[in-house]
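Note sheet for the following structure.
Within every chain, numbering begins at 1; the chains are lettered A, B, ... in the order of the sequence lines, protein sequences first and strands thereafter.
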Amino acid sequence: MNGVLSCLFWLAIGVVLAFITLPLAVVVAASLSPSSTVTFLPWDWTLEWFGALLSDRWLQPFLLSFRIATVVAAISGVLGILAAYAIVYEKIPGSALIMAGLLSPLSVPQIVKGVAIVLFLSIIGLQGILGTPALIAAHVVLALPFVTRMAATSLTNFDGNLDRAAQSLGATKRQRLQHIVLPMIKPGVLSGVTFAFIISFNNIPLSVFLVRPGDTTLPIAVINYLEYSLDPVMAAVNVASMIFILTVIFLFEKIGGFSTQLHGGSK
Amino acid sequence: MSTIALTAPAAMPPAPAKTSGYLVLAPSCLVLTVFFALPMGTTIGMSFTDGETLAPTLAHYQRFFSDGLSLAGLYRTTVMSILVAVCVTVFGYPVAYYLARSRSRWRAVVFALALAPELAGVVLRTYGWLIILEDRGFINDALLNLGIIASPLPLSKNLFAVVVGLTHVILPFGILSLTTSIQGIDPNLERAAQMLGASRLSVLRHIVLPLSVPGIVSSLLISFTMAASAYATPALLGGARFKVLATMIYEQVLFYIDWRFAAVMAIALLLMMLTVSFLGIRYETRRSNRRTNSEGVFS
């Protein structure tokens, strides 16, 4: 009886892990497969599909997504630090209510936020900002609650005695913020900023309403293309974009060392 | 964006701390007001007004409940989300149990395999399923070549494909929430039961499963809300043949250009999500009330 159960247990884990890795393996295989129908032949592979990525068709959307994600990460990083500073460090009156307000966008599905923004801009006659400006604003709305929450968690967890010690030794507020508070919350903020970059770079449900012809982000360009064709160039685009995201995470990890933060259990 | 630079903490005068506290909040509040609160208000307002005269009306809601298409969309969304929630929780449970209890060195490998796909993005994973499930995809190709079937099985552009794709997207979140919950169960309870002669099956049935009910509930709720609000996976794997609320909202805005009806559908989706979250919060408060009561009895 026990043997049967543990066999089933291991079988279940194996099946689930296979289920999780299967589509990823298929896409990687497709991106290396030489024929235009997707095949799995490990001895026969090519990198020619990746060459197609250097055309304007894919480079333009990639650069747009990259620019938008960078600006979104920077803006939501700064705004998130400021908001967390006011709420946690200055403890302004009504901070619990303000925090709830700042986190409220989290309870609204992205597709609803997206349609609300496009309806609002159309009603007030600002369709002109559709494209890059609207994409940046919408992605900031999406990312800001996450960044604020991560910055607030770091500020809450940070040892206030360090700050008090510096104060009693005569450090000015500016010196304390610059030399104690900011370095202490840096890992939390950097993981928030990395997260903001990734959710902006990968976003579909908001972007789908806000892109303009000629101003299309990479994921939207990919899903538009997928409606017509499943050719291996798509696989190459997807693999390249995954490698790009992993590189971004690796670089931020090098700068900020936030994996210690993640293992520390703060969310 | 010059306001941000002006209100940066380093440049703050030390004396009026409270005012400066509100001042540094201003940019966040401004962004969220203009690009979240006002749009949400406008959407709600639009759903209750007539497109020509702007007079208040319930006509768009009446249309939602009388035209069969919208209700069918709501029904498909619900069925799909329930199936995804159940699949995620059932498939996620064994992996979560292993992650919570194992001390082997393979644990890190399983952990990475279970969670790494989250970094790959939704499009890549959905594209993988498209290649696998399509009419000329892997499964149909293989079955046709082996002569098991004469014509392709309908594996894509339907409920099945969307549930498979969404389960794959949401599984890591379910696994995380179940793992946390199972880690909270004292392993000594399982050891004690085993020492007293309980079989693995009855330990699972009478100890582990009942004690992890809160984790199961939260996994079901998280998966349901994530599935109901997903857009990209239903759009690609369901297509025009399997429409859910999220993809129907998109159609209303970009193809039919019927903004007020899109607003009604968006509000329907939002209400569905809020109801489910509310049920979750109520369950959680009841449980913690019960726990404090029973702790009072025992201590």
Side-chain angles (χ1 to χ4, degrees), chain A residues 1-2 5-6 9 12-13 16-17 19-21 23-24 26-27 30 38 78-79 82-83 85-86 90 92 98 102 105 107-113 115-120 122-123 137-138 140-141 144 173-174 177-178 202 204-205 208-209 219 222-223 226 230 234 238 241-242 245-246 249, chain B residues 1 4 7 9-10 14 17-18 21-22 24-25 27-28 31-32 35-36 38-40 42-43 46 91 94-95 98 110 113-114 117 119-125 127-132 134 138 168 171 199-201 229 231-232 235-236 246 249-250 253 259 262-263 266 269-270 273-274 277:
Chain A
M1 189 64 214
N2 280 354
L5 196 68
S6 66
F9 178 68
I13 289 181
V16 172
L17 291 181
F19 173 78
I20 289 176
T21 38
L24 308 174
V26 166
V27 175
V38 179
V78 172
L79 296 193
L82 291 180
Y85 166 81
E90 294 284 353
I92 54 170
I98 294 171
L102 290 178
S107 52
V108 175
Q110 286 192 41
I111 188 103
V112 176
K113 281 185 274 213
V115 75
I117 292 172
V118 80
L119 294 186
F120 176 66
S122 312
I123 286 284
V140 168
V141 168
L144 189 54
K173 184 161 190 179
R174 184 190 167 140
L177 288 176
Q178 193 184 340
N202 281 338
I204 296 169
V208 83
F209 289 107
V222 171
I223 60 171
L226 276 179
L230 287 182
M234 284 286 62
N238 277 306
S241 122
M242 180 174 72
I245 288 287
L246 291 176
I249 294 173
Chain B
M1 289 292 96
I4 301 167
T7 56
K18 298 300 179 204
Y22 286 111
V24 293
L25 263 179
S28 296
V31 169
L32 289 185
F35 291 100
F36 177 66
L38 287 177
M40 289 307 294
T42 309
T43 308
M46 283 174 81
F91 295 138
V95 179
Y98 173 80
V110 175
L113 276 178
L119 302 172
V122 170
V123 190
L124 183 142
R125 290 183 282 166
Y127 172 61
W129 285 115
L130 271 174
I131 307 180
I132 297 168
E134 231 210 339
F138 274 134
H168 189 258
L171 198 54
S199 70
R200 285 253 177 99
L201 187 63
S229 57
Y231 168 76
L236 290 172
I249 292 172
Y250 176 77
V253 174
W259 293 345
L269 180 59
L270 179 62
M273 308 271 296
L274 291 179
S277 315

Residue, of A/Pro205, A/Pro219, A/Pro109, that accumulates the most heavy atom pairs under 4.5 Å with chain B: A/Pro109
Value rounded to 0.5 Å, distance of OG in B/Ser229 from CG in B/Leu270: 10.5 Å
Interface moiety of B/Thr42 toward chain A, non-hydrogen atoms closer than 4.5 Å: side chain
Part of B/Met40 within contact of chain A (heavy atom distance under 4.5 Å): both
Nearest-0.5 Å distance that lies between atom CD1 in A/Ile123 and atom CG in A/Leu119: 7.0 Å
Interchain contact, B/Leu236 with chain A, by part (heavy-atom threshold 4.5 Å): side chain
Among the listed options B/Leu113, B/Leu32, B/Thr43, the residue most often paired with chain A at heavy-atom distances under 4.5 Å: B/Leu32
A/Val208 portion near chain B, given a 4.5 angstrom heavy-atom threshold: both
Parallel, tilted or perpendicular: ring planes of A/Phe19 versus B/His168, cut at 30 and 60 degrees: perpendicular
Portion of A/Leu102 that has a non-hydrogen atom of chain B nearer than 4.5 angstrom: both
Heavy-atom proximity to chain A below 4.5 Å, by part of B/Leu171: side chain
Residue B/Val253 versus chain A: region with a heavy atom under 4.5 Å: side chain
Inter-residue atom distance A/Ile98.CD1 - B/Leu25.CG, 0.5 Å rounding: 5.5 Å
Part of A/Ile223 within contact of chain B (heavy atom distance under 4.5 Å): both
Nearest non-hydrogen partners of A/Ser107 and B/Leu274, listed with the distance: O-CD2, 4.1 Å
Proximity breakdown for A/Asn202 and chain B, heavy-atom pairs closer than 4.5 Å: side chain
Test item: A/Val141 and B/Val31 side chains (from C-beta on) under 4.5 Å apart, heavy atoms: yes
Atom group of B/Ser28 that falls short of 4.5 Å from chain A, counting heavy atoms: both
Under 4.5 Å from any heavy atom of chain B - which part of A/Ala83: both
Rounded distance [0.5 Å steps], OG in A/Ser6 versus CZ in B/Arg200: 5.5 Å
A/Val26 side chain reached by B/Tyr127 side chain, heavy atoms, under 4.5 Å: no
Minimum-distance pair of heavy atoms, taken over all atoms of B/Pro94 and A/Phe9: O-CE1, 3.5 Å
Parallel, tilted or perpendicular, as decided by the 30° and 60° cut-offs, for the rings of B/Tyr250 and B/Tyr231: tilted
Options A/Val140, A/Leu246, A/Val115, A/Thr21, ranked by heavy-atom pairs under 4.5 Å with chain B, top entry: A/Val115
Close side-chain approach of B/Leu124 to A/Ser241, heavy-atom, < 4.5 Å: no
A/Ile245, part contacting chain B, at a heavy-atom distance under 4.5 Å: side chain
Residue among B/Phe35, B/Phe36, B/Tyr98, B/Phe91 with most heavy-atom pairs under 4.5 Å to chain A: B/Phe36
Contacting region of A/Val222 [heavy-atom separation from chain B under 4.5 Å]: side chain
Heavy-atom contact with chain B under 4.5 Å, split by part of A/Leu226: side chain
